[in-house]
Amino acid sequence: LLPNIPAMLEAHYGVPMIGAVLNTINYRLDSDTVAFILGHGEAKVLITDREFSAIVKPALQKMAPHERPIVIDVDDPNYTGPGERLGMTEYEAFLLEGAPDHGWSLPADEWQAISLNYTSGTTGNPKGVVYHHRGAYLNAVGNALVCQMQNHPVYLWTLPMFHCNGWCFTWTNTAMAGVNVCLRRVEPRAIFDAIADHGVTYLCGAPIVMNMLINATAEQRRSFAQKVTFNTAAAPPPPSVLQAMEALGIEVTHLYGLTETYGPATVCAWKEEWDALPAPDKAAQKARQGVRYQVLEGVTVMDPATMQPVPADGLTMGEVFFRGNIVMKGYLKNKAATDEAFAGGWFHSGDLGVMHPDGYIALKDRSKDIIISGGSSPALRRANKRSSNSAANGWRISNVRARWCSRRCPRPRPARSRNSCCVTVPRRFEVAPRKRHPSVHPRLIVGISGASGVIYGVRLLEALRSLAVEAH
């Protein structure tokens, strides 16, 4: 449990080299979640930074004494804030106990686990995603290929290494004989200083890091001569952000992936003919999630109910599926979730998207967005907006709300009022009109589960809108 400091990078080599499994933990989690992760993963040793002792100490106290790992404290000289040591050994002193000539060997089986990364766990306990050596190796090589990295890159650690092992760039940069510039805190002045002083050529991060750079003050900014590539994922950057980054001399590459795919697994591969497009059209092209990494066997968009590909028209929505060696080994101690995730021979991402005629995928909805937005899916909100003005015979479809369910709902839930009624609907829907006041219109509450629930929810809303128009 460390920030982006040398000890964190060293763990990505030292731990696998002794045949152990590395579990990098998000230091933004609360003590309950940290305690669960340590116990569920059966951690034997915890290397933790003094800054996070306020989280780690109560986490350890929540664990049974026989389950608590050995604690090794990192006392980073660049950190002068509060925090206490929790273990009996300090990291640098611990390293001095090792043998410099210790022999190590590659794994006997490349299917063996190299790391364990936990999902966000927004709807319950997080799931432990198991990475194998083969997948980590391939995705490390894949990063170099899609980012067109030259030998001896200078990589700046703005992306947390706890996030999918830094999207496997912890291993990519070493494979390319690169320099790692560690950054304990992601701040605009520190980023510009690193780029200017150390000749940084690559960095990764979410769009919030780009906003940080383009909104930096004149005092925080530094000029630089080298080409810098910024790999971003999550929400596609808007045209204004892309233009501002270009003005700073930073080229943006759009990637997409999940924890279960070792981080990025697709890239919006740029085509030369797009260079002549106006800025808004350029941004529209770059906003797409693109095509598969060369090391990924396949990525497609299918109807999750039929497992058939949707038309490549850029309009028909389906679920994004992955298959190949850079897909996780499975969820630790959770066979049911693993089997469900790989049902039909593909990994179900839970993300909704379309396939364009040129073979590029584009997301329309992310499963995490449904949770983060408080139970409201953007796709459903768009469909609801289209439906809100459809009226017929004094009633209208309005205020449709999606609830994220922790399990599939095979039938409607019982009505909460004797004056309400339940309507049987196909597959994963539940529809229960609320008890209505005489002065208000009836409202439908649609409960959904998973990507297919959202897809069918949108179709249901469109059908209801058509019904209203026809009735009128």
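Put simply, the side chain of Q112 never gets that close to the backbone of H133: no donor and acceptor are under 3.5 Å apart.
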Exercise. Could you walk me through whether Y202 and N173 pass the side chain to side chain contact (heavy atoms under 4.5 Å, CB included) check?
Worked result: CA-CA 10 Å; Y202 294 92; N173 202 44; over 6 Å; no
Exercise. Between V186 and M212, is a side chain to side chain contact (heavy atoms under 4.5 Å, CB included) present by the stated rule, with each step listed?
Worked result: CA-CA 9 Å; V186 180; M212 186 184 298; 4.1 Å; yes
Exercise. Going through the checks in order, is the side chain to side chain contact (heavy atoms under 4.5 Å, CB included) test met by K286 and W274?
Worked result: CA-CA 9 Å; K286 187 161 286 190; W274 295 344; over 6 Å; no
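No side-chain N or O of Y155 forms a donor-acceptor pair with one of T172 less than 3.5 Å apart. Looking only at atom types and distance, the side chain of W167 has no donor-acceptor partner in the side chain of N143 under 3.5 Å away. Using modelled atom types and a 3.5 Å distance limit, the side chains of Y256 and D351 yield a donor-acceptor pair. Donor-acceptor pairing under 3.5 Å is recorded for the side chains of W270 and D275.
Within the 4.5 Å cutoff, side-chain heavy atoms of I25 are placed close to those of L38. Residues R323 and T300 fail the side-chain proximity criterion, which asks for heavy atoms closer than 4.5 Å. Residues M307 and H348 form a side-chain contact, since some pair of their non-hydrogen atoms from C-beta on lies under 4.5 Å apart. Side-chain contact between I37 and P126 is present, with heavy atoms from C-beta onward closer than 4.5 Å. With a 4.5 Å cut-off on side-chain heavy atoms, F342 and M328 count as touching. At least one side-chain heavy atom of N211 sits under 4.5 Å from a side-chain heavy atom of V241. Put simply, the side chain of V209 reaches to within 4.5 Å of the side chain of F230, judged on heavy atoms. Two residues are said to be in side-chain contact when any heavy atoms from C-beta on lie closer than 4.5 Å; Y360 and K271 meet this criterion.
With rounding to the nearest 0.5 angstrom, the CD atom of E10 is 11.5 Å from the CE atom of M17. The distance from the CD atom of Q289 to the NE2 atom of H356 is 9.0 Å, given to the nearest 0.5 Å. T232 contributes atom OG1, which lies 11.5 Å from atom CD1 of I250 (distance to the nearest 0.5 angstrom). N125 CG to N334 CG: the interatomic distance, rounded to the nearest 0.5 Å, is 10.5 Å. The distance from atom CG of L296 to atom OG1 of T266, rounded to the nearest 0.5 Å, is 8.5 Å. Atoms CG and CH2, on N325 and W111 in that order, are 8.0 Å from each other to the nearest 0.5 Å.
For R134, the salt bridge (charged side-chain N to carboxylate O under 4.0 Å, His left out) partners at least two apart in sequence or on another chain are E110. For D197, the salt bridge (charged side-chain N to carboxylate O under 4.0 Å, His left out) criterion is met by R222, not counting sequence neighbours.
Between W157 and the choices N4, N180, T170, the side chain to side chain donor-acceptor pair (under 3.5 Å) rule is met once, by N180.
The 12-atom threshold is not exceeded at CD of Q148, counting heavy atoms of other residues, nucleotides or ligands nearer than 6.0 Å. Under a cut-off of 6.0 angstrom, the local environment of CG in L145 is crowded, with over 12 non-hydrogen atoms contributed by other residues, nucleotides or ligands. The environment of NZ in K227 is sparse: at most 12 heavy-atom neighbours from other residues, nucleotides or ligands sit within 6.0 Å. Within 6.0 Å of atom CD in Q226, more than 12 heavy atoms from other residues, nucleotides or ligands are found, so the atom counts as buried in its surroundings.
Below 30°, between 30° and 60°, or above 60°: for F52 and Y27 the angle between ring planes is below 30°, a parallel geometry.
In this structure, I55 and D30 approach most closely via the heavy-atom pair CG2-C, 4.1 Å. Here the closest heavy-atom approach between residue M176 and residue A144 is recorded as SD-CB, 3.9 Å. Nearest heavy-atom pair, R28 versus P160, reported as atom, atom and distance to 0.1 Å: NH2-CG, 4.2 Å. Annotation for A140 and W171: closest pair CB-CB, 3.9 Å, computed over non-hydrogen atoms. Considering all non-hydrogen atoms of both residues, C182 and I5 come closest at SG-C, 3.8 Å.
Under a 4.0 Å N-O distance rule, the pair D193/R189 does not qualify as a salt bridge.
Aromatic pair Y262/H132: ring centres closer than 6.0 Å.
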